[in-house]
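Right, one structure below, let's go through it.
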Amino acid sequence: VVTRDDVEESLKAVFQFVKDKEQLLQGYLRSKIEETKKKISEKQCERDYWLEYKNVGSEVHAEKISSLEKDIVEVKHELERTEEHYREALKVVREENQKQFDRHMKLLSEAALKKAVGYLDKNCRREIEENGWLKEEIKIYRKEERDLIASVQLLEEENTSLVAKLIDIKLQHLR
């Protein structure tokens with residue numbers, strides 16, 4: 001027998017799994033961001049050193065300075081791309097986790113329903129089957145009712161127009 005506690009325990013396990021997965025991904029993303037920021041800081045320190053050297057009068061290393069500036073721009077661009085990539089990855093993981101959770105809940109509810117129906121006596125099962133049949137019959141009758149209402153409305157509109165024409169004709173004859 002699946003009890004409410006069993007379902008709650010299963011849900012808690014699923015929630016914990018999803019939460020742990022998100023925390024791992026966020027931790028990895030943070031470490032990558034920190035690593036890239038450290039690289040940017042190192043490159044900026046190196047650039048500052050070479051800028052100072054350039055200002056003192058060295059034109060020999062001017063090309064290296066511009067190369068380092070390009071490297072800094074590339075590293076920043078790479079950081080932005082990495083951040084966007086991991087944001088998308090986190091979004092995909094969250095969506096997949098939600099889909100798995102929904103599937104799991106659907107399976108749990110179906111299993112609980114089957115077990116619950118299994119414990120019912122024959123009369124209750126027959127009533128459930130008859131209710132299913134009656135629901136189908138109700139759908140059929142409602143569709144027929146909508147069709148009949150639409151046809152009655154068309155007939156009423158047609159009758160109204162015919163009566164209006166008849167009244168117009170009688171008015172013309174009276175004149």
Side-chain angles (χ1 to χ4, degrees), residues 1-37 73-175:
V1 176
V2 176
T3 64
R4 181 184 186 118
D5 292 336
D6 294 337
V7 172
E8 287 177 357
E9 187 175 334
S10 176
L11 286 176
K12 285 180 184 177
V14 169
F15 282 133
Q16 187 61 40
F17 174 74
V18 168
K19 193 175 187 180
D20 291 344
K21 204 170 187 182
E22 285 180 9
Q23 286 177 349
L24 283 174
L25 190 57
Q26 286 176 349
Y28 181 71
L29 180 60
R30 280 191 207 110
S31 68
K32 280 294 191 183
I33 290 170
E34 289 300 320
E35 183 179 311
T36 308
K37 284 181 180 179
V73 169
E74 288 176 10
V75 169
K76 285 182 179 179
H77 180 68
E78 186 64 31
L79 170 67
E80 291 170 0
R81 283 190 3 209
T82 303
E83 282 181 310
E84 184 62 29
H85 171 73
Y86 285 115
R87 273 193 213 104
E88 290 297 320
L90 181 63
K91 181 181 176 184
V92 168
V93 167
R94 282 184 177 160
E95 289 173 358
E96 182 62 30
N97 286 342
Q98 185 63 39
K99 286 178 186 176
Q100 286 179 356
F101 177 74
D102 292 341
R103 269 188 259 134
H104 185 68
M105 286 302 298
K106 184 178 179 181
L107 291 174
L108 280 176
S109 65
E110 288 174 1
L113 179 63
K114 285 180 183 178
K115 280 190 174 186
V117 168
Y119 289 113
L120 295 176
D121 62 351
K122 288 182 182 180
N123 292 332
C124 290
R125 280 189 230 155
R126 187 178 321 125
E127 283 182 28
I128 290 172
E129 290 171 3
E130 288 175 0
N131 283 343
W133 175 78
L134 287 174
K135 286 178 184 177
E136 292 299 319
E137 287 295 315
I138 288 172
K139 286 179 187 176
I140 293 169
Y141 286 124
R142 284 186 180 158
K143 184 183 181 301
E144 288 177 5
E145 179 188 18
R146 284 191 302 268
D147 294 344
L148 288 173
I149 288 173
S151 63
V152 165
Q153 188 175 7
L154 286 173
L155 288 172
E156 285 177 349
E157 290 172 3
E158 188 177 318
N159 284 343
T160 304
S161 67
L162 289 174
V163 168
K165 284 180 185 177
L166 185 63
I167 290 173
D168 288 342
I169 291 172
K170 283 189 177 184
L171 283 175
Q172 286 176 359
H173 286 298
L174 287 176
R175 287 184 192 157

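The analysis underlying the following values was restricted to heavy atoms, covering all of them including side chains, and did not include hydrogens, waters or symmetry mates.
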Open item on the list: Does atom CD (Glu9) have a neighbourhood of more than 12 heavy atoms from anything else shown, all under 6.0 Å?
Closed with: no
Open item on the list: side-chain contact (heavy atoms from CB on, under 4.5 Å) for Val163 and Ile167? Distances and angles first, verdict last.
Closed with: CA-CA 6 Å; Val163 168; Ile167 290 173; 3.9 Å; yes
- [ ] Would you indicate whether the side-chain heavy atoms of Lys76 and Val73 approach each other to under 4.5 Å?
- [x] no
Indicate every side-chain donor-acceptor pair of residues 149-157 with a distance under 3.5 Å to a residue at least two apart or in another chain.
from, atom 1, to, atom 2, distance (Å)
Ser151, OG, Asp147, O, 3.4
Ser151, OG, Leu148, O, 2.9

Open item on the list: Going by ring pair (Phe, Tyr, Trp, His ring centres under 6.0 Å), name the residues that satisfy it together with Phe17, two or more places apart in sequence or in a different chain.
Closed with: none
Open item on the list: Return the CD to CG distance between Glu22 and Leu90, rounded to the nearest 0.5 Å.
Closed with: 6.0 Å
Task: Flag for Asp102-Gln98: side-chain donor and acceptor within less than 3.5 Å - done: yes
Scan the side chains in residues 82-89 for donor-acceptor partners under 3.5 Å anywhere in the protein, sequence neighbours excluded, and list what turns up.
from, atom 1, to, atom 2, distance (Å)
Thr82, OG1, Glu78, O, 2.7
Glu84, OE1, Arg87, NH1, 3.3
Tyr86, OH, Tyr28, OH, 3.3

Task: Approximate separation, where rounding is to 0.5 Å, of Thr36 OG1 and Arg81 CZ - done: 11.5 Å
Open item on the list: Looking at Glu8 and Arg4, is there a salt bridge between them, counting it only when a charged N and a carboxylate O are closer than 4.0 Å?
Closed with: yes
Task: Test salt bridge (Lys or Arg N to Asp or Glu O under 4.0 Å) applied to Glu96 and Arg103, step by step - done: CA-CA 10 Å; Glu96 182 62 30; Arg103 269 188 259 134; 3.7 Å; yes
TODO: Would you give the length of the straight line joining atom CD1 of Ile169 to atom CG of Leu174, rounded to the nearest 0.5 angstrom?
DONE: 12.0 Å
Task: Interatomic distance, Leu166 atom CG to Ser161 atom OG [nearest 0.5 angstrom] - done: 11.0 Å
- [ ] Can you measure from CG (Asp5) to NZ (Lys12) and round to the nearest 0.5 angstrom?
- [x] 8.5 Å
Task: Reported CD-to-CG distance for the pair Gln23 and Leu25, which is rounded to 0.5 angstrom - done: 11.0 Å
